[in-house]
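Whatever order the structure lists ligands and atoms in, that order sets their numbers, starting from 1. Atom set for the values below is all heavy atoms of this structure, side chains included, hydrogens, waters and symmetry mates excluded.
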Amino acid sequence: MGQNKLSGDIYYPSKEVIAKANVKDWDELSEKAKKDYPGFWEERASELHWFQKWNKVIDDSNKPFYKWFTGGKTNIAYNCLDVHAKTHRRNKLALLWEGENGEFRAMSYYSLHRETCKFANVLRSMGVKKGDRVTIYMGRTPEIVMAMLACARIGAVHSVVYGGFSVEALHERIEDSQSKVLIVSDGAYQRGKIVPLKEIADEALKRAGGIEHVLVVKRTGQEINMEVGRDMWLHELMALPIANQDYTVEVMDAEDPLFLLYTSGTTGKPKAILHTHGGYMVGTYTTLKYVFDIHEEDRFWCAADPGWITGHSYIVYGPLLNGATSFMYEGAPTHPYPNRWWQMIEKYGLNILYTAPTAIRGLMRFGDAWVNRHDLSSLRLLGSVGEPINPEAWKWYYKVVGKEKCPIMDTWWQTETGMFMITPMPSVPLKPGSGTKPFPGIEMDILDENGTPVADNEEGFLVIKTPWPAMIRTIYGDDDRYVEQYWSKYPGMYLTGDSARRDEDGYFWVIGRVDDVIKVSGYRLGTAEIESALVSHVSVAEAAAIGLPHEIKGNAIYAYVILKAGSQPSEELKDELRLHVGHEVGPIAKPEKIEFVESLPKTRSGKIMRRVLKAKELGVDPGNLSTLEE
Ligand code: PRX
């Protein structure tokens, strides 16, 4: 990138960082990829193992249902484990884990491979076959990684539900995916308490049909209900000879489904984003290698949860495909004290930390002293994801955590993209708050309502103009919604749902969602989910939810509720409603504020005009009100 011509607040990488970088000249790589992006991805794919080579890199004969590496045969779990277990990496640590209660586990590629094979055999013995869906609802322990890889290994499609979700959210996802098997832990440690995952699952299963077997992982050890004939302990089955029988792997077509991951969209229920073995593998492998500059000796820590795409791509698949050591921590960053993260970085000599702005802001609040007590000299790179990072948090992260020597990789991407899309690499000059430019081989733009690219520094709709290997293949069971939601506003282009601007240096600045998605502490929630949880309460007739700026969480949920006739507004009822949303969707969805109202602003066709509510709270002009009902 033309280093001398950039405008604004620029942070240049050091000579040491550039000397080590896998990609030294990003411009050159981008130029090369631009000329022939299928060729660029084909070269990357060649670095992985295929049982049979593809005959076409991209098949775009049925747009927007793109296919990648068609004819190719592979298995992502084989590339994550078997490949390394056969080489010099056999005894290298694949997974390093610390529990919130201080427990510690380290698994080599050899042992993670062996345990995963056994896990896969347990699933096989329960009748799970290629193509079957398996729901996983667990805390952050090594078993969640094994569970995902075991599914992939036998060709089953995993659907991980974040352990912070609750009864109705889990029920909906089990039902929509038609899963036969649920893998759940008895509980998870969070902030010194036990989250009773099995108990929540039991309640969800009372509402959902279809689950034949529940495989229970022992973590917290409290007394739980085990339903005879349905529920089985993983450790008991893993001890049976059948678990050890056969370590074969299912040969998968590049386009065979790998996982479903539910995420919130603009309307209605959460939708299942479908990713496949081949393209997702190539995308996550390449982006992690280039952006977080993975080297043989690296210990990489992605502090997300495996229940979200960040954890799928960059705790599990990306690091293992690269043969790196992936670190995972079970609990809360501030337990028992706000130095927990810094303590672990020092203790394990972690080299790369990848987290979310909300966590950075949350830790920044406790001051520098907690960080400065620890030797963080092992850190080489930092990362950010999930929402725009404010320059103040960026600078604190850079100075206090990274000691002004670790570039920050601000990666913009989505559940749907599967991999980083707008992101720097270590050798790129940074501007706090900008993810810099699209990854090589990816073309993106910012358009106005009519599809014309906006001028520099003007805000518009962020779109992706080239297909990419880890792209969403469809919304599971709803091809029409896939086309409608992502490809219909601007034909031939993928609509991200975000607004952005581009500065005079070509740097992208993502502003935020332009639809009814609210990012709370980096978690993605739909207004519809919160509203339907509220309406499921006996006292509520109608509800509207919006996101308003919040210092730590990025956005906080505000809810407006119309009560049913006969229900009386009270502070107690507000508390009850907050708890109800927590019980149905999960603690992250609890509204910050609830207001009882007599009516809601609606269009003549009955749609709630959330922007009017938002404008009123913020004391700004609500804009065009011509469609308002009254
Ligand atoms: O609004 C963007 C925001 O997160 C959305 C995607 O959310 P999700 O599918 O849950 O995936 C999050 C983790 C990949 C985007 O549409 N977002 C994600 N990363 C950034 C971001 N906004 C600004 N800067 C980022 N680095």
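- With ligand atoms numbered from 1 in the order given, ligand 1 contributes 6 (C), 7 (O), 8 (P), 9 (O), 10 (O) to contacts under 4.0 Å with heavy atoms of R524.
- K553 and E592 are joined by a salt bridge, as a carboxylate oxygen and a charged side-chain nitrogen come within less than 4.0 angstrom of each other.
- For the pair K593 and Y558, the cation-pi criterion (under 6.0 Å, within 45° of the ring axis) is not fulfilled.
- Within ligand 1, the atoms closer than 4.0 Å to a non-hydrogen atom of V510 are 22 (N), 23 (C), numbered from 1 in the order shown.
- Side chain of N351 to backbone of R299: a donor-acceptor contact under 3.5 angstrom is found.
- For T411 and T423, the side-chain atoms include no donor-acceptor pair closer than 3.5 Å.
- Within the 3.5 Å criterion, the main-chain N or O of D479 finds no donor-acceptor partner in the side chain of Y476.
- Within ligand 1, the atoms closer than 4.0 Å to a non-hydrogen atom of P388 are 22 (N), 23 (C), 24 (N), numbered from 1 in the order shown.
- Looking at ligand 1, you won't find any N or O of E416 less than 3.5 Å from one of its N or O atoms.
- Residue R513 has at least one nitrogen or oxygen atom sitting less than 3.5 Å from a nitrogen or oxygen atom of ligand 1, judged on distance alone.
- Of all the heavy atoms of I389, none lies under 4.0 Å from any atom of ligand 1, so neither backbone nor side chain is involved.
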Could you go through R502 and N457, starting from their C-alpha distance and side-chain angles, then the distance that decides it, and tell me whether this counts as side chain to side chain contact (heavy atoms under 4.5 Å, CB included)? CA-CA 5 Å; R502 188 170 30 198; N457 290 310; over 6 Å; no

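- For the pair T263 and ligand 1, the shortest N or O to N or O distance does not fall below 3.5 Å.
- Remark: side-chain polar atoms of D293 are paired, donor with acceptor, to backbone N or O of N22 under 3.5 angstrom.
- Distances below 4.0 Å separate heavy atoms of D498 from the following atoms of ligand 1: 1 (O), 2 (C), 15 (C), 16 (O).
- The distance criterion of under 3.5 Å between nitrogen or oxygen atoms is met by T411 with respect to ligand 1.
- Using bins of under 30°, 30° to 60° and over 60° for the plane-to-plane angle, the ring pair F259/H275 lands in the tilted bin.
- Looking only at distances, no side-chain donor or acceptor of Q190 sits under 3.5 Å from a matching main-chain atom of V195.
- In this structure, of S384, S499, G386, A500, the residue bringing a heavy atom nearest to atom 17 (N) of ligand 1 is G386.
- From the protein, the heavy atom lying nearest to atom 13 (C) of ligand 1 is T310 OG1, 3.4 Å.
- The proximity of Q414 to ligand 1, defined as any non-hydrogen pair under 4.0 Å, involves the side chain as well as the backbone.
- The aromatic rings of W68 and Y37 sit tilted relative to each other, their planes meeting at an angle between 30° and 60°.
- With a 4.0 Å heavy-atom cut-off, ligand 1 is reached by the backbone of T415 and by its side chain too.
- Atom 12 (C) of ligand 1 has K519 NZ, 3.5 Å as its closest protein atom, hydrogens excluded (heavy atom only).
- Closest to atom 18 (C) of ligand 1, if we only count protein heavy atoms, is W413 O, 3.3 Å.
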